[in-house]
**Student:** 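Just dropping this structure here.
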Amino acid sequence: MKLVYGVNDKPKVGEIIVLAIQQLLAIMAATIAVPAIVGNGMTASAALFGAGVGTLVYQLFTKFKSPVFLGSSFAFIGSMFAAFAGGVSMSLGYLGLILGAAFAGLVYVIIAIIVKLAGVNWINKLMPAAVIGPTVAIIGLSLAGAAIKDVFSYGPQDADGNFIMSGFSWVSLICALVTLFVVVLCSTYGKKMAKLIPFIIGIGAGYIVALIFTLVGQATDNANLMILDFAPFKALVADGVNINTFLAMPQFTFLEALNGVKEFNPTYIATIAVAYIPVAFVVFAEHIADHKNLSSIIESDLLEQPGLHRTLLGDGIGSFAGAFFGGCPNTTYGESVGCVAITGNASVITITVTAIMAIVISFISPFVALLDSIPGCVMGGVCITLYGFIAVSGLKMIQKVDLEDNAKLFTVSVILIAGIGGMAMAIGPVKITSIACALILGIITNLILSKKKD
């Protein structure tokens with residue numbers, strides 16, 4: 001779609017704030033999910049702060065030319081668990097999170113230096129459209145299950161947390177569908193501001209429907225209708241109304257990590273290095289795919305300008321900054337790219353304000369509670385559109401590929417099947433995701449067939 005605001009455009013101040021809130025809502029669920037999964041005292045507010053700082057670092061390195069937000073990386077979850085393995089103290093574990101992010105960032109710095117010296121032509125030859133297109137598509141498709149699980153996040157589930165179809169919740173589905181259709185209607189038929197902020201309007205509509213169901217459930221004593229969880233708000237006043245009810249400092253990783261310095265030892269350093277460094281190479285491949293996708297949306301090759309070396313430095317050092325404060329290594333977010341694609345707003349000022357906003361709200365208790373209270377089914381309705389756009393962006397790249405050429409046809413085919421089929425591997429403590437496996441297999445296939453043709 002045609003961009004409403006280009007990378008260098010400056011919307012009005014009021015529009016910037018609203019658009020920034022929309023970006024924040026788009027990335028919020030995934031960003032705070034990582035610390036929740038890893039546990040060990042990690043908090044959503046610290047992760048938001050770290051994501052905001054990491055994004056600002058990224059913007060500085062990319063000369064404010066790449067409109068994407070950096071959020072908590074799911075690829076490093078296994079590595080983060082490794083930091084706490086073996087019964088180490090929380091303090092040493094937090095120090096391990098920072099050290100691991102430093103190792104991963106160092107990988108990016110080294111690759112950036114190589115790219116700076118050798119250029120990006122080798123990247124384009126290694127990963128042409130026949131490789132990148134289907135890889136971007138499976139990034140979106142691989143998230144489809146997560147979106148649908150969110151849609152049915154309220155209702156009967158089995159012991160593994162899987163949704164039980166025979167007893168699903170109509171309430172959860174209705175909230176998700178209201179959110180979904182409000183988003184798509186606003187994006188398709190909305191005028192002016194409504195077309196630019198479909199996610200805010202959609203989430204607002206879904207939240208109101210969830211609130212109505214909950215109030216009716218409370219009035220009729222029907223637990224099946226109580227879809228909205230007020231626990232985040234109740235926690236604010238659990239100990240009475242005080243300063244923490246309104247303002248609270250996030251639990252920064254580096255503060256706890258200071259206590260772990262005295263426990264540091266070479267064996268632990270080696271453990272962290274093995275857990276983080278290989279994953280950094282895997283995430284590098286996803287970094288290329290994300291920036292190729294974003295480049296096609298904004299119609300400007302980010303690998304050339306500001307340059308892949310700059311995006312790598314921004315991502316690597318921004319990831320370290322994010323972990324230093326929030327414990328979670330950061331990465332460029334597909335949800336952010338999808339938001340840019342759907343709304344047509346590529347203004348990098350919006351991303352910068354979003355980053356500042358994430359930092360500020362991490363201290364504001366009621367706002368963090370409001371974000372925490374948004375039902376999963378409402379976010380599921382939003383994610384159907386976000387993840388769908390990522391998948392379609394990849395398919396649009398494939399349109400430019402000559403599939404009459406068997407070399408390209410088979411390259412695209414093996415990536416799609418390996419990715420959708422979930423070809424993932426574990427080599428020792430290192431887990432290679434299905435996306436990375438599919439990409440590696442696609443690169444090998446492309447190289448073999450291209451060599452054969454030559």
**Student:** Please name all residues satisfying ring pair (Phe, Tyr, Trp, His ring centres under 6.0 Å) with Phe324, sequence neighbours left out, ordered by chain then number.
**Tutor:** Phe254
**Student:** Go through the structure and list residues passing ring pair (Phe, Tyr, Trp, His ring centres under 6.0 Å) with Phe363, not counting sequence neighbours.
**Tutor:**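 Phe49.
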**Student:** For Phe199, what residues pass the ring pair (Phe, Tyr, Trp, His ring centres under 6.0 Å) criterion, not counting sequence neighbours?
**Tutor:**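 Listed in chain order: nothing, the list is empty.
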**Student:** Which residues satisfy the side chain to side chain donor-acceptor pair (under 3.5 Å) test with Ser66, sequence neighbours excluded?
**Tutor:**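 Scan of Ser66 (side chain to side chain donor-acceptor pair (under 3.5 Å), adjacent residues dropped) gives Tyr58.
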**Student:** Which residues pass the side chain to side chain donor-acceptor pair (under 3.5 Å) test with Glu256, not counting sequence neighbours?
**Tutor:**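 Ser91.
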**Student:** Can you pull the ring pair (Phe, Tyr, Trp, His ring centres under 6.0 Å) pairs that have at least one residue in residues 334-354, sequence neighbours excluded?
**Tutor:** none
**Student:** Tell me every residue that passes ring pair (Phe, Tyr, Trp, His ring centres under 6.0 Å) with Phe69, counting only those two or more places apart in sequence or in another chain.
**Tutor:** none
**Student:** Could you tabulate the donor-acceptor pairs under 3.5 Å formed by side-chain atoms of residues 130-141, not counting sequence neighbours?
**Tutor:**
from, atom 1, to, atom 2, distance (Å)
Thr135, OG1, Val131, O, 2.6

**Student:** Which ring pair (Phe, Tyr, Trp, His ring centres under 6.0 Å) pairs, counting each pair once, include a residue from residues 85-106, with sequence neighbours left out?
**Tutor:**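 Residue pairs with at least one partner in residues 85-106: Phe84-Tyr94.
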**Student:** Please report the closest heavy-atom contact between Gly326 and Met42, naming both atoms and the distance.
**Tutor:**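 Answer, listing the atom of Gly326 first, then Met42: O-CE, 3.5 Å.
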**Student:** Taking side chain to side chain donor-acceptor pair (under 3.5 Å) as the test, write out the residues that go with Ser73, two or more places apart.
**Tutor:**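 Here no residue qualifies.
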**Student:** Is any side-chain heavy atom of Val68 closer than 4.5 Å to a side-chain heavy atom of Val348?
**Tutor:**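 A side-chain contact is absent here, since even the closest heavy-atom pair is not under 4.5 Å.
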**Student:** Do any side-chain atoms of residues 26-41 form donor-acceptor pairs under 3.5 angstrom with protein atoms, and if so which ones, sequence neighbours left out?
**Tutor:**
from, atom 1, to, atom 2, distance (Å)
Thr31, OG1, Ile27, O, 2.8
Asn40, ND2, Val38, O, 3.2

**Student:** Could you list the residues that satisfy side chain to side chain donor-acceptor pair (under 3.5 Å) with Tyr387, not counting sequence neighbours?
**Tutor:** Glu335
